[in-house]
Every structure is written in C-alpha cells, then in structure tokens.
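Worksheet for the structure shown next.
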Amino acid sequence: MLKGALIGCGFFAINHLHSWRDVDGAEIIAICDSNSERLKVVGDQFDIAKRYHNANEMLIAEKLDFVDIATTAPSHRALVELAASKGIAVICQKPVAPTLHDAKAMVAACANAKVPFMVHENFRWQSAIQKAKAILNEGEIGEIFWGRVSFRSAYDVFSGQPYLAEGQRFIVEDLGIHALDVARFLFGDALNMNARMRRVNPNIKGEDVATMMLDHSNGATSIVDCSYASKREVEAFPETLLEIDGTQGSLRLDQSYKLTFTNAKGTKHVDASPPLLKWASKPWHNIQESVLNIQQHWIESLRGGTEPQTSGRDNLKTFALVEAAYQSAATGQTVQMMDLLSS
Ligand code: NAD
Ligand code: 89Y
C-alpha cells in the first residue's frame, strides 16, 4: 500500500477522499487544512486521525509516498515546491497555478528533485471521453480533420465554489481548461489559438462564455466552446459534448451520454453513461468517476515508474492554451503556442 496525505479538505476534496478509499494500492493516512472546521468535519467523515493545520509539519512528521493537493490555485506553487523539497511525489489539482510562469517553475522544481508530478486533470478520464478516444484509436472514422469539444450550461457552480465568482478570470481557467485538455487528448497538441470571450452574468467578475479555435499539429482544426450562461431545455451540467469528423466517418457525443459513430459500415449507437459509484451523486457522477480513474492511474504510474498522462510537463501544454486564450481574447490576435511554451 502506498501511503498518501491530502492537503486541502474543501468542497472537491471529498471526491478525492471517497476515491482514495476505492483505489487499489493506496491509502490516505493524514490530512491537512488551515481551516480547523474543515479539518474536523472531513477527518471525522473519513475517520482519519492524523490531522494537521500546517503542510510542512505534516510532511516532516509523516512517512509518505505521495501527497495530494486539493487547495485552490493560489497555494499550489508553494505546496508543490514544498513536496518537491522533501522528495515526495505530488499530485496537484487544476488549474495548476495562477500563471504559466508559476506552472513552469513547479515543473522545474519537481524535475530537479526527481519527484513525480501529476496535475489532477480528470475530464479526459470520464468514461464517455475514454470510449470516444477508443473509437478514434480503432480508426473507425479515419483521419480526424475537424472536432468540437463543447460544455454549455447554466448550472449554479457559484454556491458550491463561491471563489469562482470573484476572480478576474473564470470559465476558461476553471472549466475550459478541461475542455482544452480533452481537445489535446483527442486531436493532439495545438499549434495556435484564437479566442473570443464575454461575461453574461452581471454578478461575477470574470468571463462566463468563451469560444476558442485551435489548429492542431496533425492538420485538424477544433472548436472548444464553453459557457455558464446557456439555459437549455434540459440542463447539461457537467457533460462535455463532442462532434468529430474524420475522412471515413463521424462521431458525436450528445447530451445524456449518447455516443454515435457513423462510417461506411453504418451507424452505431452506444450508451456511454458513466457508472454511478456508491458514494457519487447525480449530476456530478461523471466527474466523480473520473476522479477515481485518474487517482488509480497515478498509483499505477508510481508503481510502474512511468510518467502519468497528465504529468506536470504534459499539463504545461494544456495550461499554456488557457494563457493563450486570454491573450488572444484581449488582443484579437492569433497566439502561437511555441512562443508561450518556449519563453
Ligand atoms: P475550497 O476552497 O472548497 O477548498 C480548499 C481548501 O483548501 C479549504 O478548506 C482551505 O482552507 C484549504 N487550504 C487553502 N490553502 C491551504 C494551505 N496552504 N494549507 C492547507 N489548507 C489550505 O476549494 P474547492 O472548490 O475544493 O477547489 C479545490 C481545487 O479543486 C481548485 O483548484 C478547483 O479548481 C479544483 N476543482 C477541480 C474539479 C475537477 O473536476 N478537477 C472540480 C472542482 C474543483
Ligand atoms: O471547478 C470546476 C471543475 O473543475 O469542474 C466543474 C467545476 O466544479 C465548476 O466549473
């Protein structure tokens, strides 16, 4: 059993802790939160006796194989660098940092300390997205030339995560980041970014609508669009929808996890509904199962000595797309990814 500790016992960490109970080969032996109330509520709920207010004290006192950081972005760099300084493998929630500069420093700190580092970028681990990827890998629709990754909702995310209403940046940094990672997962790395953004909800500070266009290095073009201002007949939260066209056919992931692909052999319909884990609740269950999947992947990567799919190094390419989207929206210009990644 690999022994881990969790830092940050807030809203989303509950999903981490439920998942850690289900992951094969790992257990959480200690938790840390600077907020005493959260420490007590979560420690009691998950029956974890070792509780710390200070991450440094916890990392000194406990013998750990890894640490799982589930705080919000402003604290990520200091906590990841702390883990690296102690030689402890580290997972960090998205967005990895407030700036690309910080993200690069975190990746460098872990590389210098030879510490495995994964960003908890979980949407690609949703079973519907995995099923779509498997169909593409089997060559069912040929070579992809166009794709769309879309997340449009009017779900109230602010009651559970009030900080989302406060930042100058909102939907691309918080949610679009997942859709951009899914685009990279399905269509490959991006060469450039064009983005347009706006705020519709007057009660928040950041943008809640974004439309992004990417050229991928294999020649495909994609649209990644997200909105928290889209009132639909049936609320879609938190489903990521896909439209993909290839030289031999097409694939669609429509609302209610309806996956369809068409090629010369005809059309196939697949129910890509996620499992409802025993601790999960709708509509969050597709996100919740992806937390279990990514945490299991982390343990397998640690055990096998392999780089996790969304390692810090890999995630720089997703996070740079976020930065590029804000730059492009602010200037109206195309942003070349090479310029951001090499600077
Ligand atoms: P939250 O504010 O509810 O919880 C954060 C907790 O961290 C708080 O209890 C706070 O007291 C604690 N904390 C902050 N700094 C600390 C420090 N230095 N040491 C110890 N404790 C500290 O936030 P949340 O909504 O749970 O979000 C946490 C992260 O999870 C964010 O980065 C968010 O973007 C991410 N998130 C990811 C997903 C996903 O699907 N991957 C979904 C929701 C949220
Ligand atoms: O924080 C966000 C995330 O990562 O997934 C959905 C969310 O909770 C709200 O946009």
Side-chain angles (χ1 to χ4, degrees), residues 5-17 19 30-43 51-59 67-83 91-98 102-103 118-126 129 151-167 169-182 201 204 206-208 210 226-229 236-240 274 280 283-295 310 315 318-319 322:
L6 175 88
I7 305 174
C9 300
F11 169 78
F12 201 70
I14 301 302
N15 298 311
H16 291 221
L17 286 167
S19 295
I31 56 173
C32 168
D33 200 299
S34 43
N35 178 315
S36 303
E37 199 185 319
R38 289 305 300 167
L39 199 55
K40 178 169 171 30
V41 167
V42 171
R51 304 173 190 180
Y52 295 84
H53 286 100
N54 181 287
N56 188 38
E57 285 171 16
M58 178 170 78
L59 299 196
V67 63
D68 181 17
I69 298 170
T71 62
T72 49
S75 54
H76 287 173
R77 179 172 174 181
L79 291 170
V80 166
E81 289 181 351
L82 176 69
I91 315 173
C92 181
Q93 255 296 349
K94 50 58 65 176
V96 61
D102 286 338
M118 181 181 84
V119 177
H120 187 121
E121 178 44 78
N122 49 323
F123 273 35
R124 63 164 71 190
W125 287 99
Q126 293 173 12
I129 305 290
F151 186 108
R152 309 192 77 79
S153 162
Y155 187 84
D156 171 23
V157 285
F158 308 107
S159 54
Q161 297 169 264
Y163 56 91
L164 295 178
E166 298 303 323
R169 293 178 169 188
F170 167 41
I171 199 167
V172 174
E173 178 183 78
D174 170 64
L175 189 281
I177 194 168
H178 292 303
L180 289 165
D181 188 67
V182 168
N201 180 346
I204 64 170
E207 83 292 346
D208 52 3
C226 48
S227 164
Y228 270 126
F237 182 86
E239 292 183 48
T240 301
W284 285 85
H285 59 306
N286 74 330
I287 291 185
Q288 290 166 318
E289 59 127 6
S290 70
V291 172
L292 172 60
N293 293 342
I294 195 171
Q295 291 182 184
T310 58
N315 193 254
T318 294
F319 193 71
V322 170

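Start at 1 with the first residue, then count along the sequence. Just follow the structure's listing: the first ligand is 1, and inside any ligand the first atom is 1. Below, all heavy atoms of this structure are taken into account, side chains as well, without hydrogens, waters or symmetry copies.
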| query | Quick one: nearest non-hydrogen protein atom to atom 36 (N) of ligand 1, plus distance? | reply | Gln93 OE1, 3.9 Å
| Angle class for the Phe237/Phe151 ring planes (parallel below 30°, perpendicular above 60°, tilted otherwise)? | perpendicular
| query | If every non-hydrogen atom of Ala55 is compared with every non-hydrogen atom of Leu79, which pair is closest and at what distance? | reply | CB-CD2, 3.7 Å
| query | Just going by heavy-atom distances, which of Leu6, Ile14, Ile7, Thr71 is nearest to atom 16 (C) of ligand 1? | reply | Thr71
| task | Quick one: closest heavy-atom pair of Ala97 and Ala73, and the distance? | result | C-CB, 4.1 Å
| query | Does Glu121 reach ligand 1, in the sense of a heavy atom lying below 4.0 Å from it? | reply | no
| task | Output yes when Asp33 and Arg51 qualify as a salt bridge under the 4.0 Å nitrogen-oxygen rule, no when they do not. | result | no
| remark: Note: Lys94 and Ile177 closest approach over all heavy atoms is CE-CG2, 3.9 Å
| task | Identify the two heavy atoms, one from Ile7 and one from Met58, that lie closest to each other, and give their separation to 0.1 Å. | result | CG1-CE, 3.7 Å
| query | Would you say the ring centroid of Phe158 lies under 6.0 angstrom from that of Phe170? | reply | yes
| request: For Glu121 and His178, test the side chains for any donor-to-acceptor distance below 3.5 angstrom and give the result as yes or no. | output: yes
| task | Report the nearest protein non-hydrogen atom to atom 3 (C) of ligand 2: residue, atom name, distance rounded to 0.1 Å. | result | His178 NE2, 3.4 Å
| Nearest-contact summary for atom 34 (O) of ligand 1 - protein heavy atom, Å | Lys94 NZ, 2.9 Å
| In ligand 1, which numbered atoms sit nearer than 4.0 Å to a non-hydrogen atom of Arg38? | 9 (O)
| remark: Residue, atom and distance of the protein heavy atom nearest atom 6 (C) of ligand 1 read Asp33 OD2, 3.6 Å
| task | State whether a side-chain donor-acceptor pair under 3.5 Å links Asp156 with Ser159. | result | yes
| Pair Ser36-His53, side chain to side chain contact (heavy atoms under 4.5 Å, CB included): steps then yes or no | CA-CA 7 Å; Ser36 303; His53 286 100; 2.9 Å; yes
| task | Report the nearest protein non-hydrogen atom to atom 4 (O) of ligand 1: residue, atom name, distance rounded to 0.1 Å. | result | Gly10 CA, 3.2 Å
| remark: In terms of its nearest heavy atom to atom 22 (C) of ligand 1, the top option of Ala70, Ser34, Ala73 is Ser34
| In terms of atom number and element, which parts of ligand 1 are under 4.0 angstrom from non-hydrogen atoms of Gln161? | 25 (O), 43 (C), 44 (C)
| Between Trp284 and ligand 2, is there a nitrogen or oxygen pair with a distance under 3.5 Å? | no
| field | Any Pro74 heavy atom less than 4.0 Å from ligand 1 | value | no
| query | Can you name the nearest heavy-atom pair linking Val291 to Ser19, along with the distance? | reply | CG1-OG, 3.4 Å
| note | Looking only at protein heavy atoms, what sits closest to atom 41 (N) of ligand 1 is Asn122 OD1, 2.7 Å
| So, do Asp68 and Gln93 sit near enough that their side-chain heavy atoms are less than 4.5 Å apart? | no
| said: Closer than 4.0 Å to some heavy atom of Gln161 - which atoms of ligand 2 meet that? | reply: 1 (O), 7 (C), 8 (O), 9 (C)
| request: With heavy atoms of Asn35 as the reference, note each atom of ligand 1 found under 4.0 Å away. | output: 11 (O)
| query | How far is atom 25 (O) of ligand 1 from its nearest protein heavy atom, and which residue and atom is that? | reply | Tyr163 OH, 2.7 Å
| field | Shortest non-hydrogen contact from Phe123 toward Ile129 | value | O-CG1, 3.7 Å
| task | Please work out whether any backbone atom (N, CA, C, O) or any side-chain heavy atom from C-beta onward of Phe123 is under 4.0 Å from ligand 2, and answer side chain, backbone, both or neither. | result | side chain
| query | Which of the atoms of ligand 2 are close to Lys94, meaning less than 4.0 Å from one of its heavy atoms? | reply | 1 (O), 2 (C), 3 (C), 4 (O)
| task | For Ile287, take its heavy atoms, then give the atoms of ligand 1 lying under 4.0 Å from any of them. | result | 40 (O)
| request: Show the numbers, then the answer: is there a side chain to side chain contact (heavy atoms under 4.5 Å, CB included) between Ile69 and Ile91? | output: CA-CA 6 Å; Ile69 298 170; Ile91 315 173; over 6 Å; no
| request: Among all protein heavy atoms, pick the one closest to atom 3 (O) of ligand 1 and tell me residue, atom and distance. | output: Phe11 N, 2.9 Å
| remark: Min over Ile177, Asp174, Leu175 of heavy-atom distance to atom 10 (O) of ligand 2 lands on Asp174
| said: Which residue and atom name correspond to the protein heavy atom nearest atom 43 (C) of ligand 1, and how close is it? | reply: Phe12 CD1, 3.3 Å
| query | Would you call His178 a ligand 1 contact, heavy-atom distance under 4.0 Å? | reply | yes
| said: So, 4.0 Å and heavy atoms of Tyr228: is ligand 2 close enough to count as a contact? | reply: yes
